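None of these values were measured; they are calculated from a predicted model. All values below come from the heavy atoms of this structure, side chains included, with hydrogens, waters and symmetry mates left out. All residue numbers in this chain count up from 1 along the given sequence.
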Amino acid sequence: MSQQHLLEAHRVVFPDRGQVELEQFDVPAAGPGQVRLRTEFSLISTGTETTALSGSFEPGSHWDSYVQYPFLPGYTATAVVEELGADVDGLRIGDRVMARIPHASHAVVEAVECFPIPAAIPSELAPWATLAQVAYVGAAAAEHRLRDSVLVIGAGPIGQMSVRWAAAAGVESIVVADIAPRRLELAQWGGATAIVTGDPADHAEQIVEACFGESPRVVIDTTGRSEMLPKALGLVRDRGTVVLLGDPGSPSEQHLTMDVITRGLQIRGAHGPLLLDVEAETYRSFFGLNISGRLSLDGLNTHRFAPKDCAEAYRLVSTQRGETMGVIFDWTD
């Protein structure tokens, strides 16, 4: 492709383990069926991206194949359509869209991978839709029902979205456990009916009381910590379901307990790409619930960084995770 068809752009990159840089790169023109996007805001997925940055995963794990340095972090952004390739229908230049793209000022993607954003949704909040899609996979595995009870372990971004899907589904008791008071407060704003500060295994009686005298039917573990599985198995109701929504860096360290057999428990894995075939429908539901007031995003964005300060952004989410929630890069300047 000739040089005049290339656009100078910038993107965040992890050159190697523990390293963060903003680098320049060239973006080609949009080809047939593609669009070129100009990013407005991108949202850090703190669990995924700090694991990739630290390299804290074991050989042979899912992470080992996913993270290859240099690594381009990020997978959710609000962008504006800047150029249309041939044979693109349904999009126009200037449209705001959701896109699964890394943290970058520009990107070229397939047009069918873009989802229009309703006018009522602010651009800086729209990237939460992709994290909501990840959490939706967990909600589908949980099979929420009316008058249900659920314990969500971990009140980070995916935990927050898990709480909101449960509330939208009519779950009666939504208990959330975390060590960070600010995150628990945000979970309450999102629909949690009770909170537990600290290790949930140390507060089993409090959890039962919050679920009207029974253990929760569903426990959703969003932490990605291997040691949490035995605790989750001990907290769920007989014949209940434990949903593993977090992705541990060391899966070989996860261990079952006798609860699985003796109490007839079900363990269900939930990973974002499992339901990508309903991604557009999930986005539509997420935006619709937000517009109607049934799913609140209030307060979720806590920090905003210019891309040039990307190293500081990752230092913050790596060392002070309990003080953060939505950390966004602003590409509009």
pair Val12-Leu72: side-chain heavy atoms closer than 4.5 Å: no

Going by the rule salt bridge (charged side-chain N to carboxylate O under 4.0 Å, His left out), which residues pair with Asp199 if we only count those two or more places apart in sequence or in a different chain? Lys231

N/O donor-acceptor pairs under 3.5 Å from side chains in residues 173-183, not counting sequence neighbours:
residue	atom	partner	partner atom	Å
Ser173	OG	Ala210	O	3.4
Asp178	OD1	Ala180	N	2.9
Asp178	OD2	Ala155	N	2.6
Arg182	NH1	Glu185	OE1	3.0
Arg183	NE	Arg321	O	3.2
Arg183	NE	Thr324	O	3.0
Arg183	NH2	Arg321	O	2.8
Arg183	NH2	Thr324	O	3.1

Check ion pair Arg284-Glu279 (N to O, under 4.0 angstrom): no

Test item: Glu82 side-chain N/O and Leu37 main-chain N/O as donor-acceptor pair under 3.5 Å: no

Using atom types as modelled and distance alone, determine if a side-chain donor or acceptor of Gln160 lies under 3.5 Å from a backbone N or O of Leu300. no

Rounded distance (nearest 0.5 Å) linking atom CD of Gln133 with atom OG of Ser285: 11.5 Å

Taking Thr222 for its side chain and Gly154 for its backbone only, find out whether a donor-acceptor pair lies under 3.5 Å. yes

Side-chain donor-acceptor pair present, Trp128, Asn301, cut-off under 3.5 Å: yes

What pair of heavy atoms forms the shortest contact from Ala141 to Arg268, and how long is it? O-NH1, 3.0 Å

Is the closest side-chain heavy-atom distance between Val208 and Glu205 below 4.5 Å? no

Could you check whether any side-chain N or O of Thr39 sits under 3.5 Å from a backbone N or O of Phe41, counting only pairs where one atom can act as donor and the other as acceptor? no

Of all pairs that satisfy ring-ring contact (aromatic ring centres under 6.0 Å, His included), the ones with a partner from residues 241-269, not counting sequence neighbours: none

Return the set of residues passing side chain to side chain contact (heavy atoms under 4.5 Å, CB included) with Pro70 (not counting sequence neighbours), or none when no residue passes. Val13

Is a donor from one side chain sitting under 3.5 angstrom from an acceptor on the other, for Arg225 and Gln254? no

Go through the structure and list residues passing salt bridge (charged side-chain N to carboxylate O under 4.0 Å, His left out) with Glu172, not counting sequence neighbours. none

Closest heavy-atom pair and its distance - Asp298, Ser296: N-OG, 3.1 Å

Per-pair distances, 0.1 Å, donor-acceptor, side chain in residues 233-244, under 3.5 Å, sequence neighbours excluded:
residue	atom	partner	partner atom	Å
Arg237	NE	Ser215	O	2.9
Arg237	NH2	Ser149	OG	3.1
Arg237	NH2	Ser215	O	3.1
Asp238	OD1	Arg263	NH1	2.8
Thr241	OG1	Gln266	NE2	3.0

May I have the step-by-step check of ring pair (Phe, Tyr, Trp, His ring centres under 6.0 Å) for Phe14 and Tyr314, ending in yes or no? CA-CA 11 Å; Phe14 300 163; Tyr314 285 102; 5.1 Å; yes

Side chains of Leu297 and Leu295 in contact at under 4.5 Å (non-hydrogen atoms): yes

Dump the intermediate steps for side-chain contact (heavy atoms from CB on, under 4.5 Å) on Met325 and Leu186, then the final yes or no. CA-CA 9 Å; Met325 185 55 63; Leu186 289 170; 4.0 Å; yes

Scan side-chain atoms only and decide if His103 and Glu49 contain a donor-acceptor pair under the 3.5 Å cut-off. yes

Considering only heavy atoms from C-beta outward, does the side chain of Ile328 approach that of Phe305 to under 4.5 Å? no

Ala52 versus Phe71, closest heavy-atom pair with distance: CB-CE2, 3.7 Å

Could you check whether any side-chain N or O of Ser54 sits under 3.5 Å from a backbone N or O of Ser56, counting only pairs where one atom can act as donor and the other as acceptor? yes

With the side chain counted from C-beta on, respond yes when Leu151 and Val218 share a heavy-atom pair under 4.5 Å apart, and no when they do not. no

Under the 3.5 angstrom rule, does the side chain of Thr46 hit a backbone N or O of Val317 as a donor-acceptor pair? no

Roughly how far, to the nearest 0.5 Å, is CZ of Arg11 from SG of Cys310? 12.5 Å

Given 3.5 Å as the limit, does a donor-acceptor pair link the side chain of Ser250 with the main chain of Glu253, or not? no

Counterpart residues, salt bridge (charged side-chain N to carboxylate O under 4.0 Å, His left out), relative to Arg164 (two or more places apart): none

Kindly state each residue pair satisfying ring-ring contact (aromatic ring centres under 6.0 Å, His included) with at least one member in residues 150-195, sequence neighbours excluded. Tyr136-Trp165

Taken in chain and number order and not counting sequence neighbours, the residues that satisfy ring-ring contact (aromatic ring centres under 6.0 Å, His included) with His271 are His62

Which atom of Leu245 lies closest to which atom of Ser162, heavy atoms considered: CD2-OG, 3.4 Å

Between Arg36 and Leu7, does the side-chain contact (heavy atoms from CB on, under 4.5 Å) criterion hold? Intermediate values first, please. CA-CA 10 Å; Arg36 188 177 71 199; Leu7 172 72; 4.0 Å; yes

Between Gln68 and Asp64, is there a donor-acceptor pair closer than 3.5 Å when you use the side chain of the first and the backbone of the second? yes

In terms of side-chain heavy atoms, does Trp331 have a donor or acceptor partner in Ser42 at a distance below 3.5 Å? yes

Nearest heavy-atom neighbours spanning Ile153 and Ala232: CD1-CB, 4.2 Å

Which pair of non-hydrogen atoms, one from Val150 and one from Ala166, has the smallest distance, and what is that distance? CG1-CB, 4.2 Å

Applying ring-ring contact (aromatic ring centres under 6.0 Å, His included) to Phe286 and not counting sequence neighbours gives none

Gly33 backbone acceptor or donor facing Asp87 side chain under 3.5 Å: no

Treating Ile, Leu, Val, Met, Phe, Trp and Tyr as nodes and any side-chain heavy-atom pair under 4.5 angstrom as an edge, say whether Tyr283 and Val97 lie in one connected cluster. no

For Glu312, enumerate each residue passing the salt bridge (charged side-chain N to carboxylate O under 4.0 Å, His left out) test, keeping only those at least two apart in sequence or located in another chain. Arg315

Just by distance, do the side chain of Asp148 and the backbone of Arg145 share a donor-acceptor pair under 3.5 Å? yes

Please lay out, stage by stage, how Val81 and Arg92 fare under the test side-chain contact (heavy atoms from CB on, under 4.5 Å). CA-CA 7 Å; Val81 176; Arg92 297 176 298 177; over 6 Å; no

Donor-acceptor contacts under 3.5 Å from residues 106-124 side chains, at least two apart:
residue	atom	partner	partner atom	Å
Glu110	OE2	Gln34	NE2	3.1
Ser123	OG	Glu40	OE1	2.7
Ser123	OG	Arg96	NH1	2.8

CA sep, side-chain torsions, deciding dist, call: Tyr75, Thr130, side-chain contact (heavy atoms from CB on, under 4.5 Å): CA-CA 8 Å; Tyr75 58 81; Thr130 303; 3.6 Å; yes

Any chance you could measure Ile220, atom CD1, to Ile158, atom CD1, to the nearest 0.5 Å? 11.5 Å

If you count the non-hydrogen atoms of other residues, nucleotides and ligands that lie under 6.0 Å from CD in Glu209, is the total more than 12? no

